[in-house]
There are 2 protein chains.
Amino acid sequence: MPASLPSNVIPLHVPTLQSACSQCNLRELCLPLGLSDSELDMLDAVIGGRRKLKRGQYLYRSGDAFEAIYAIKAGFFKTDVLTEDGRDQVTGFQMTGEVLGLDGIGTELHTCNAVALEDSEICLIPFTDLERLSSEVHTLQRHFHKMMSREIVRDHGVMMLLGKMRAEERLATFLLNLSQRFMARGYSAAEFHLRMTREEIGSYLGLKLETVSRAFSRFQDEGFISVHQKHICILDIQGLKMIMTHPPSSSGT
Amino acid sequence: MPASLPSNVIPLHVPTLQSACSQCNLRELCLPLGLSDSELDMLDAVIGGRRKLKRGQYLYRSGDAFEAIYAIKAGFFKTDVLTEDGRDQVTGFQMTGEVLGLDGIGTELHTCNAVALEDSEICLIPFTDLERLSSEVHTLQRHFHKMMSREIVRDHGVMMLLGKMRAEERLATFLLNLSQRFMARGYSAAEFHLRMTREEIGSYLGLKLETVSRAFSRFQDEGFISVHQKHICILDIQGLKMIMTHPPSSSGT
DNA sequence: CACCCTGTTTGATCTGTGTCAACGTCCCTG
DNA sequence: CAGGGACGTTGACACAGATCAAACAGGGTG
């Protein structure tokens with residue numbers, strides 16, 4: 001197991017590596033951390049298969065019956081919820097090694113939409129199988145519980161962002177979070193392509209797309225990043241961190 | 001088991017009733033729904049004791065070691081998170097029958113503060129015991145997973161509220177949610193006391209206390225509610241629902 | 001009963017972000 | 001390579017909610 005992956009920088013989900021495995025490289029994905037080889041073999045038995053999705057395809061929709069959770073083997077997704085009156089809110093962006101579908105356990109119906117933002121591949125994990133196995137394999141149970149809890153903690157971070165931060169702080173936080181997650185997967189922390197539109201970023205951050213665009217421009221003018229369409233270079237991480245944590249005047253409350 | 005409790009109106013947690021039980025009325029609280037009597041007896045064995053808290057006391061603080069989750073036997077709590085630069089965000093208000101502490105599972109450290117907003121009493125459920133038992137009792141495992149998932153779905157609702165709604169929509173949503181949760185516990189849906197200050201409501205809703213106060217005043221002027229300090233009467237539920245779901249002009253995006 | 005402290009209401013003004021609109025850029029397709 | 005459509009940028013202006021400030025209400029406590 002390759003060592004020294006930054007894993008506790010922020011409430012990310014979990015790093016991904018390369019390696020073969022019977023059905024899919026789940027061994028390297030979210031669930032199995034800390035399991036022994038024999039336990040991993042049991043887990044393999046529970047993978048219900050793979051599925052490929054084209055850009056724009058839905059993995060599931062709000063209202064669909066919940067049957068499985070999904071580990072992203074490769075690709076990039078967004079999840080969103082919508083109200084009866086047609087407003088929608090992006091609740092997250094998920095990348096390789098992260099898990100989708102936890103929203104459906106409670107009601108046995110999915111409560112949000114999950115859409116691929118690029119051609120992607122997922123591993124399907126039938127939930128009843130997962131529950132059965134996790135009651136036998138303590139480390140798997142523990143890992144699954146931690147995963148759900150981390151999702152709750154992540155959501156709290158988003159509440160903070162939406163409730164207390166200004167536009168530029170939100171975008172800086174967003175960029176730094178993406179950067180860390182790419183880095184944890186072995187990609188560059190400084191240079192990456194955004195898979196989502198300005199409108200989707202705005203929806204996630206509680207902003208209009210024009211505001212997102214203006215904030216990008218200002219970050220570029222200030223020399224913190226360079227932006228060309230969806231291509232981002234972070235030139236001054238410290239600068240972004242300053243924006244994130246230093247509200248212009250009064251903090252608190 | 002008393003029938004006809006409204007349980008699927010909104011992603012609430014779970015209703016509470018009166019009845020005796022060995023250590024605490026957990027039988028009627030969050031976890032046990034759907035368990036047989038013998039399974040309930042097993043669950044009783046796992047309750048680690050009770051604890052009383054005075055108004056203002058912390059049940060746990062961010063950074064505390066995570067050891068147990070807590071079922072509220074009676075009382076009212078808020079949870080909040082804070083950033084390094086001192087801003088804090090209320091992430092939820094919890095009442096009798098709801099559960100606290102799920103945020104700590106992921107890192108084995110609590111990531112938010114939980115404070116009693118009135119004198120309260122909780123049942124302590126040591127997490128290792130809960131995990132052990134839930135691997136033996138399938139219905140308990142299932143119930144616990146549903147509980148965590150519902151918390152995630154609730155958080156998505158808050159994101160929608162913070163990301164897409166205007167001040168009055170947020171407050172109307174908040175009041176209607178409280179109303180339903182009081183109703184589900186056998187209290188009046190129309191008349192209740194707020195346990196939290198305007199500032200705490202504002203923090204939860206991403207608004208300043210003055211804005212909360214003005215929205216209350218406007219609801220009263222319009223005849224939707226009457227407000228006297230923390231005492232609220234809902235006079236026109238439909239009116240509030242209209243505010244919640246009918247943005248003044250353009251919706252969507 | 002007077003005092004104080006915390007919480008609430010209300011008014012006047014300011015400002016960050018939304019809204020509307022025009023234009024630019026890239027990519028895909030024929 | 002021309003045309004079209006989706007996406008992004010930028011500007012001018014409007015407005016919801018923040019900020020600042022003052023006054024009020026209630027509820028403990030000496």
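This structure is a prediction, so every number in the text was calculated from the model and none was measured.
- To the nearest angstrom, P of C/dT19 lies 12 Å from CG of A/Leu207.
- B/Gly202 comes within 4.0 angstrom of nothing in the nucleic acid, heavy atoms only.
- A distance of 10.5 Å separates OG1 of A/Thr211 from CG of A/Leu205, quoted to the nearest 0.5 Å.
- For A/Val227, the listed nucleotide lying nearest its side chain is D/dT9; candidates were C/dT8, C/dT9, D/dT9.
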All N/O contacts under 3.5 Å from nucleotides 11-15 of chain C to the protein, with atom names and distances to one decimal?
{"from": "C/dG11", "atom 1": "N7", "to": "B/Arg214", "atom 2": "NH1", "distance (Å)": "2.8"}
{"from": "C/dG11", "atom 1": "O6", "to": "B/Arg214", "atom 2": "NH2", "distance (Å)": "3.1"}
{"from": "C/dA12", "atom 1": "N6", "to": "B/Arg214", "atom 2": "NH2", "distance (Å)": "3.4"}

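- Looking at heavy-atom distances under 4.0 Å, B/Ser213 makes contact with a base.
- Closest approach of A/Glu169 to A/Met244, counting heavy atoms only: OE1-O, 3.4 Å.
- Ring pair B/Phe66/B/His110 is perpendicular by interplanar angle, where above 60° counts as perpendicular and below 30° as parallel.
- The CD-P distance, from A/Glu200 to D/dC7, rounds to 8 Å in whole Å.
- In this structure, A/Leu194 atom CG and D/dC7 atom P are separated by 14 Å, rounded to whole Å.
- Distances shorter than 4.0 Å separate none of the side-chain N or O atoms of A/Thr211 from OP1 or OP2 on C/dT17.
- For B/Glu98 and B/Arg185, the salt-bridge test passes: some basic side-chain N is under 4.0 Å from an acidic carboxylate O.
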Quiz prompt | Base-pairing string, 5' to 3', of DNA chain C - Watson-Crick or wobble, under 3.5 Å, | interstrand | solution = ||||||||||||||||||||||||||||||
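- A/Arg198 has its CZ atom 19 Å from the P atom of C/dT19, to the nearest Å.
- Using a cut-off of 4.0 Å between Lys/Arg side-chain N and Asp/Glu carboxylate O, B/Arg55 and B/Asp119 are scored as not salt-bridged.
- Expressed to the nearest 0.5 Å, how far OH of B/Tyr60 lies from CG of B/Asp103 amounts to 4.0 Å.
- Summarising the geometry, the separation between CD1 on A/Ile225 and C1' on D/dT9 is reported as 14 Å, rounded to the nearest angstrom.
- Of the options A/Thr79, A/Asp80, A/Thr91, a side chain to side chain donor-acceptor pair (under 3.5 Å) to A/Asn113 is made by A/Asp80 and by none of the others.
- Between the CG atom of A/Leu209 and the P atom of C/dA21 there is a distance of 15 Å, rounded to whole Å.
- Taking atom CD of A/Glu168 as the reference point, atom P of C/dT17 lies 8 Å away to the nearest angstrom.
- A salt bridge links B/Glu121 with B/Arg50: the distance from a Lys NZ or Arg NE/NH1/NH2 to an Asp or Glu carboxylate oxygen falls below 4.0 Å.
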Quiz prompt | From CA spacing to verdict: ring-ring contact (aromatic ring centres under 6.0 Å, His included), B/Phe192, B/Tyr187 | solution = CA-CA 8 Å; B/Phe192 47 85; B/Tyr187 298 109; over 10 Å; no
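- Between the NZ atom of A/Lys208 and the P atom of D/dT10 there is a distance of 20 Å, given to the nearest Å.
- Between B/Lys230 and C/dG7 there is no side-chain polar atom (N or O) within less than 4.0 angstrom of OP1 or OP2.
- For the OP1/OP2 pair of C/dT10 and a distance below 4.0 Å, the side-chain nitrogens and oxygens of B/Ser217 include at least one atom meeting the criterion.
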